[in-house]
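What follows is a single structure, written as structure tokens, with notes after it.
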Amino acid sequence: MSKIERFTNIVDILMRSVDREKTEELSYQQTLANDLKTAFVSVYGKSSVNADDCVSDDGYALIPCFIKNSVGMEFVGLVDICVLDGGELNAECTQFLTKPYGWVTLSRMKEIATETELALFYPFKYKPLVNIEGCYKTDAQYS
């Protein structure tokens, strides 16, 4: 089983216990973010990822993060990053937790959200919760 598959299995278990009514509360978001980072560390063995860690996943890693939409709202999320390509984002696979939709991918959001909701979301920025070695993004900034 690849590392992305192992991490995804843990995330699935974590997300089953999420209280969607609390997803917009900062303290709850921080707790979820910490849980995702802990899950990441349990799979990768550290709070960073490099190209060698992603060989079995064709260079990709699913990275826990905070996502900020165009109006400044923050969401707990996951981004699919090509670590071999300096941290290139696979935007369609971006996942985030919302109160109305729960845990949803960006591609699914395009199918179910209203035009107004989508307009509020783009452009979005993300802040990784782990270090992506060889990437210009750090866990201290939104990019």
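What you see below is based on every heavy atom in this structure, not just the backbone, and it leaves out hydrogens, waters and symmetry mates.
Separating the CG atom in Asp35 from the OG atom in Ser17 is a distance of 7.5 Å, to the nearest 0.5 Å. Leu120 CG to Ser70 OG: the interatomic distance, rounded to the nearest 0.5 Å, is 5.5 Å. With rounding to the nearest 0.5 Å, the separation of CD in Glu25 from OG1 in Thr31 is 10.0 Å. Atom CD in Gln95 sits 6.0 Å away from atom CH2 in Trp103 (nearest 0.5 Å).
Checking side-chain atoms of Arg20 against main-chain N and O of Pro100 turns up a donor-acceptor pair under 3.5 Å. Proximity of a side-chain donor or acceptor of Tyr28 to a complementary backbone N or O of Asp19 within less than 3.5 Å is detected.
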Notebook entry, point to check: Can Glu21 and Lys99 be said to form a side-chain contact (heavy atoms from CB on, under 4.5 Å), step by step?
Noted result: CA-CA 6 Å; Glu21 292 301 312; Lys99 188 174 181 178; 3.3 Å; yes
Margin query: Evaluate Thr23 against Val76 for side-chain contact (heavy atoms from CB on, under 4.5 Å), listing each step before the verdict.
Written below: CA-CA 8 Å; Thr23 58; Val76 174; over 6 Å; no
Margin query: Using side-chain hydrogen bond (donor to acceptor under 3.5 Å, both in side chains), reason through Glu5 and Asn9 one step at a time and then give a plain yes or no.
Written below: CA-CA 6 Å; Glu5 290 170 330; Asn9 287 341; over 6 Å; no
Note to self: Please determine whether side-chain contact (heavy atoms from CB on, under 4.5 Å) holds for the pair Val18 and Leu14, giving the CA-CA distance in whole Å, both sets of side-chain angles, and the decisive distance to 0.1 Å.
What the structure shows: CA-CA 7 Å; Val18 166; Leu14 289 172; 5.9 Å; no
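Scanning both residues, Cys65 and Val79, for their nearest heavy atoms gives SG-CG1, 3.8 Å. Of all non-hydrogen atoms in Phe124 and Thr94, the two that sit nearest each other are CZ-OG1, 3.9 Å. Closest approach of Phe7 and Phe40 over heavy atoms only: CE1-N, 3.3 Å. Residues Val83 and Ala61 share a closest heavy-atom pair of CG2-CB, 4.0 Å. Considering all non-hydrogen atoms of both residues, Phe96 and Thr105 come closest at CE2-C, 4.5 Å. Closest approach of Leu129 and Ala33 over heavy atoms only: CD1-CB, 3.6 Å.
The side-chain contact (heavy atoms from CB on, under 4.5 Å) search around Thr114 returns Thr116, Glu117, not counting sequence neighbours.
The shortest distance between side-chain heavy atoms of Leu78 and Tyr126 does not fall below 4.5 Å. A 4.5 Å side-chain heavy-atom check between Ile81 and Leu89 finds at least one atom pair inside the cut-off. For the pair Phe75 and Asn69, the minimum side-chain heavy-atom distance is below 4.5 Å. At least one side-chain heavy atom of Gln29 sits less than 4.5 Å from a side-chain heavy atom of Glu74. Looking at heavy atoms from C-beta onward, Leu36 lies in side-chain contact with Val11 at the 4.5 angstrom threshold. Residues Asn131 and Val49 are not in side-chain contact: their nearest non-hydrogen atoms beyond the backbone lie 4.5 Å or more apart.
The side-chain hydrogen bond (donor to acceptor under 3.5 Å, both in side chains) analysis of residues 45-64, with sequence neighbours excluded, yields the pairs Ser2-Asp57, Lys46-Asp53, Ser48-Glu133, Asn50-Glu133.
Linking Ile, Leu, Val, Met, Phe, Trp and Tyr whenever their side-chain heavy atoms come within less than 4.5 Å puts Ile67 and Val71 in one cluster. One hydrophobic cluster holds both Ile10 and Leu32 under the rule that ILVMFWY side chains link at heavy-atom gaps under 4.5 Å. The cluster map of Ile, Leu, Val, Met, Phe, Trp and Tyr, joined by side-chain heavy atoms under 4.5 Å apart, puts Leu62 and Val41 in different clusters. Val55 and Tyr44 end up in different hydrophobic clusters when Ile, Leu, Val, Met, Phe, Trp and Tyr side chains are linked at under 4.5 Å.
Salt-bridge annotation for Arg108 and Glu111: present, with a side-chain N of the basic residue lying under 4.0 Å from a carboxylate O of the acidic one.
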